[in-house]
*Asks:* 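Below are the structure tokens for one structure; questions will follow.
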Amino acid sequence: MRMSKLVGRRIKEDPKDAKTVSHKFLIRGGYVRLVSAGIYSLLPVGKRIVDKIERIIREEMDRIDGQEVLMPVVLPAELWEESGRYKSVGQELLRFQDRNDKPMLLAMTHEEAVTHLVRTEVSSYKQLPVMLYQLQTKYRDEARPRAGLIRVREFTMKDAYSFHTDQQDLEQYYERAHEAYERIFRRLGMLRVLSIAANSGMMGGAVSHEFMAICECGEDTVITSPDQRYRANREIATAAWKFEKSASLPLEKVHTPGSKSIEEVATFLGVKAENTGKAVFYQNVRTGELIFAVIRGDFEVNEAKLGNLAGAAELKFADDAAIAAIGCVAGYASPLSLASDKVKIFVDRSAAESSNLVVGANEPDYHYLNFNFDRDLAGQPQVVVADIATVREGDPCPVSGAPLEMCRGIEVGNIFQLGTKYSAAMNCSFLDQNGKSHPMVMGCYGIGVGRAMAAVMEQSNDEYGPVWPMSIAPYQLQVCAILPGKDGVGEKAEALYAALLREGIEVLYDDRGEKAGFMFSDADLLGVPLRVVISPKTLQDGEVEFKRRDGKTEVERLKLDGLVPELVKRVKQELALFAN
RNA sequence: CGGGGUGUAGCGCAGUCUGGCUAGCGCGACUGCUUUGGGAGCAGUAAGUCGGGGGUUCGAAUCCCUCCACCCCGACCA
């Protein structure tokens with residue numbers, strides 16, 4: 001490709017709204033352009049990268065016996081009615097009517113569509129297991145798209161769905177899929193990806209893993225032990241907390257005027273946060289049901305854990321009116337002396353297993369000293385002791401006991417054991433050897449393609465631009481001609497360009513005759529891994545300059561004589577690093 | 001959805017408070033000349049529904065009403 005014809009202008013300045021590295025360089029390098037919030041066009045270089053990512057994904061999906069299909073983006077609502085998700089999913093599902101007022105939707109995932117497909121095409125145990133996958137547009141009407149391609153509304157996803165006769169077969173296949181994912185991210189050149197235990201949320205199913213590209217701008221918090229044997233999303237992470245019991249002291253009501261928050265109460269009474277109990281009220285958004293969480297003052301409630309326990313897909317903080325309705329006083333709320341059959345009380349182990357905590361008295365400006373769960377609350381039917389705490393950095397690892405570490409990650413892929421949630425609801429079944437019908441057992445496996453591109457960029461860049469791995473680079477080699485009108489530079493560069501194309505090398509040829517610095521800056525923004533500079537300076541010695549974008553080796557001089565085979569060799573060597 | 005902010009040439013911005021001539025500046029684009037190793041210089045050219053609608057006024061980018069879009073923080077999120 002000639003730079004003089006390449007569409008997608010490079011921009012010298014950082015775009016004002018871009019905060020993350022990938023967002024800046026995606027715009028500055030002319031990879032993508034915003035069309036509407038969270039909706040992007042891919043320009044030629046961006047498209048080339050995406051194509052390469054997709055090719056690698058296809059190879060690895062085919063390797064684990066996947067069959068590529070393509071399902072529609074626009075689906076009739078009735079299909080989603082079957083699974084119950086037409087109602088259960090919130091506003092991120094874009095619903096609309098066709099000309100006959102028939103309710104339709106833009107698919108945000110394809111469990112329903114694929115289940116519909118498989119139930120009509122597969123009916124015997126002899127055909128199972130089977131895996132179908134597609135690379136296709138998803139639409140999610142996100143409340144807040146952000147950070148360029150990291151969180152968008154429209155995007156390409158590789159989504160795969162496997163169907164099995166039983167759970168054991170699913171589990172075996174799940175392992176293969178896990179391995180395929182590790183190969184994919186390695187081949188994409190991602191420097192650090194962790195698979196971590198994850199919250200299955202509304203997808204259903206019990207077991208799931210997220211593949212996290214570790215980097216600062218990640219939206220998720222990853223909890224790991226120092227030896228990496230324990231790896232979990234903070235949403236579900238737990239720790240081997242130990243709480244000290246001491247002799248119970250008698251309950252005592254104390255006057256605590258104006259002390260509503262834990263900090264205020266602790267300061268007023270001269271105790272530490274860990275000597276207090278915190279009352280937090282949530283409401284199940286769907287049902288309006290009030291949920292009362294009690295946790296030690298130095299911990300935070302983990303909403304994902306609490307929601308899972310309470311059977312609530314979505315929680316929100318309860319308003320004061322709802323709290324008052326069950327006889328609690330916000331700021332001084334207490335699980336003690338509560339009109340309690342109206343509300344479920346979830347008590348975190350931190351509060352249940354500690355002694356003599358300060359808790360509210362359900363009365364303005366009063367708290368109790370010396371709350372002891374076993375004596376004061378245990379045994380009531382609506383009270384549940386559970387782990388609803390958010391893991392903190394340094395908490396003891398549940399496997400090794402070592403202090404847990406925290407980092408940020410971009411979720412570039414996820415895999416789920418779905419079980420029969422969709423197959424049962426949608427009557428996707430097979431006949432076994434005895435002619436007996438069973439719902440198929442399903443797994444699903446996703447990768448966000450554009451997000452993967454952004455994640456690679458986040459992990460592999462310098463101050464001038466991205467440093468693409470050879471496997472997904474928009475071009476393999478860049479040729480810069482400096483002063484093409486002088487000393488035959490242009491002719492030599494043209495000849496080199498033509499010869500490399502004949503060898504099947506993907507060449508980006510800067511034929512514009514711009515100033516050297518200008519060309520180098522553009523080249524850096526495009527991140528092509530290998531670069532050849534032809535100029536009068538070295539041409540007089542019959543040489544060109546050779547430079548790696550990653551700077552791993554010094555700039556070299558290569559003889560024009562035999563240059564083409566040498567460059568071909570180097571491209572192939574580099575490419576081989578990412579072979580399967 | 002809550003809070004904050006921004007909309008003026010392809011991009012980045014000034015002008016708005018305090019209404020007034022033909023709406024400016026930098027980058028980019030185009031033409032010519034000179035330049036050429038890390039985003040060159042000079043000269044010239046083209047490019048604007050001042051986010052939309054309504055209002056006030058002799059006169060609105062500027063004041064008022066309203067709608068919209070986009071960004072940031074939070075909430076939410078497979």
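Sequence lines set the chain letters: A, B, ... in the order given, protein chains first and strands last, and positions in each chain run from 1.
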*Asks:* Ignoring hydrogens and angles, state whether a donor on the side chain of A:Asn233 or A:Glu210 is under 3.5 Å from an acceptor on the partner side chain.
*Replies:* yes

*Asks:* Which part of the nucleic acid does A:Leu93 contact within heavy-atom distance under 4.0 Å: base, sugar-phosphate only, or nothing?
*Replies:* nothing

*Asks:* Whether the A:His209 and A:Tyr174 side chains hold a donor-acceptor pair (N or O, under 3.5 Å, no angle test) is what I'd like checked.
*Replies:*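 Yes - a donor-acceptor pair under 3.5 Å links their side chains.
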
*Asks:* Which nucleotide in the set B:G39, B:U36, B:G38 lies at the smallest distance from any side-chain heavy atom of A:Lys547?
*Replies:*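 Nearest nucleotide to the side chain: B:G38.
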
*Asks:* Where along nucleotides 67-74 of chain B does protein come under 4.0 Å, by heavy atom, of base (B) or sugar-phosphate alone (S), with - for untouched nucleotides?
*Replies:* ---SSSBB

*Asks:* Give me the ring orientation class for A:Phe185 and A:Phe211: parallel if the planes are under 30° apart, tilted from 30 to 60°, perpendicular past 60°.
*Replies:* tilted

*Asks:* Would you tell me whether A:Ser162 and A:Tyr445 have side-chain atoms, one donor and one acceptor, within less than 3.5 Å of each other?
*Replies:* yes

*Asks:* With no hydrogens and no angle check, do the side chains of A:Thr538 and A:Arg557 hold a donor and an acceptor under 3.5 Å apart?
*Replies:*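 No - no donor-acceptor pair under 3.5 Å links their side chains.
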
*Asks:* Across all strands, who's sitting opposite B:C58 as a Watson-Crick or G-U wobble pair, both distances under 3.5 Å?
*Replies:*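 WC or wobble partner is B:G20.
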
*Asks:* Under 3.5 Å, is there a donor-acceptor pair between the side chain of A:Lys158 and the main chain of A:Gln134?
*Replies:* no

*Asks:* Looking only at atom C1', what distance separates B:G48 and B:C13, rounded to whole Å?
*Replies:* 15 Å

*Asks:* Grab the CZ-C1' distance between A:Phe520 and B:U36 for me, whole Å please.
*Replies:*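 Roughly 11 Å, once rounded to whole Å.
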
*Asks:* Partner of B:G2 by Watson-Crick or G-U wobble geometry, both contacts under 3.5 Å, or none?
*Replies:* B:C73

*Asks:* Between the side chains of A:Tyr464 and A:Arg549, is a donor N or O closer than 3.5 angstrom to an acceptor N or O?
*Replies:* no

*Asks:* Look at the aromatic rings of A:Tyr509 and A:Tyr497 and report parallel, tilted or perpendicular, splitting at 30° and 60°.
*Replies:*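 Tilted.
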
*Asks:* Looking across every strand, which nucleic acid part, if any, lies under 4.0 Å from A:Glu303 by heavy atom: base, sugar-phosphate, or nothing?
*Replies:*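 Counting heavy atoms under 4.0 Å across all strands, the contact made by A:Glu303 is with sugar-phosphate only.
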
*Asks:* Quote, to the nearest angstrom, the P distance that separates B:C70 from B:U31.
*Replies:* 36 Å

*Asks:* From the options B:G39, B:C77, B:A40, select the nucleotide whose nearest atom is closest to the side chain of A:Arg151.
*Replies:* B:C77

*Asks:* Please report the distance, rounded to the nearest Å, between CD in A:Glu13 and C1' in B:C27.
*Replies:*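 Going from A:Glu13 (CD) to B:C27 (C1'), I get 7 Å.
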
*Asks:* Partner of B:A47 by Watson-Crick or G-U wobble geometry, both contacts under 3.5 Å, or none?
*Replies:* none

*Asks:* Once you round it to whole Å, what is the distance between P of B:G41 and CD of A:Glu514?
*Replies:* 13 Å

*Asks:* Tell me: CZ of A:Phe518 to P of B:A40, nearest whole Å?
*Replies:*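 It is 8 Å, rounded to the nearest whole Å.
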
*Asks:* Take atom C1' in B:G3 and the same atom in B:U45, then report the distance between them in whole Å.
*Replies:* 47 Å

*Asks:* Work out how far the C1' atom of B:G53 is from that of B:C72, and round it to whole angstrom.
*Replies:* 28 Å

*Asks:* Whole Å only: how far is the NZ atom of A:Lys12 from the P atom of B:G12?
*Replies:* 16 Å

*Asks:* Using heavy-atom distances to pick each residue's nearest nucleotide on RNA chain B, tell me which of A:Arg531 and A:Pro15 is more 5'.
*Replies:*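 Per heavy-atom nearest nucleotide, the more 5' residue is A:Pro15.
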
*Asks:* For B:C11, what is the paired nucleotide under Watson-Crick or G-U wobble rules, both distances under 3.5 Å?
*Replies:* B:G26

*Asks:* Whole-Å distance between B:G28 P and A:Arg28 CZ?
*Replies:* 14 Å

*Asks:* Would A:Glu112 and A:Ser83 count as having a side-chain donor-acceptor pair, cut-off 3.5 Å?
*Replies:*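 A pair is found: one side chain offers a donor N or O, the other an acceptor, under 3.5 Å apart.
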
*Asks:* If I pick the C1' atom on B:U57 and the same atom on B:G24, what distance separates them, to the nearest angstrom?
*Replies:*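 It works out to 25 Å between them.
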
*Asks:* Return whichever of A:Met519 or A:Lys138 has its heavy-atom-nearest nucleotide of RNA chain B closer to the 5' end.
*Replies:*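 Checking each residue's closest nucleotide, the 5'-ward one belongs to A:Met519.
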
*Asks:* With distance as the sole criterion, do the side chain of A:Arg9 and the base of B:C11 form a donor-acceptor contact below 3.5 Å?
*Replies:* no

*Asks:* Rounded to the nearest Å, what distance is computed from the CZ atom of residue A:Arg512 to the P atom of nucleotide B:U35?
*Replies:*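 Result: 21 Å.
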
*Asks:* If B:G39 has a Watson-Crick or G-U wobble mate with both distances under 3.5 Å, name it; if not, just say none.
*Replies:*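 Across any shown strand, B:G39 pairs with none.
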
*Asks:* Between B:G28 and B:G10, how far apart are the two C1' atoms, rounded to whole Å?
*Replies:* 7 Å

*Asks:* Assign A:Lys486 to base, sugar-phosphate, or nothing according to its heavy-atom contacts below 4.0 angstrom with the strands shown.
*Replies:* nothing

*Asks:* Checking all strands, does A:Gln91 fall into the base, sugar-phosphate, or nothing category for heavy-atom contacts under 4.0 angstrom?
*Replies:* nothing

*Asks:* Say you pick atom P in B:C17 and the same atom in B:G32; how far apart are they, in whole Å?
*Replies:*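 Straight-line distance between the two P atoms is 44 Å.
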
*Asks:* Between B:G20 and B:C63, how many Å separate the two P atoms, rounded to a whole number?
*Replies:* 10 Å

*Asks:* Rounded to whole Å, please give me the gap between CG in A:Asp14 and P in B:G28.
*Replies:*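 After rounding, the reported distance stands at 16 Å.
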
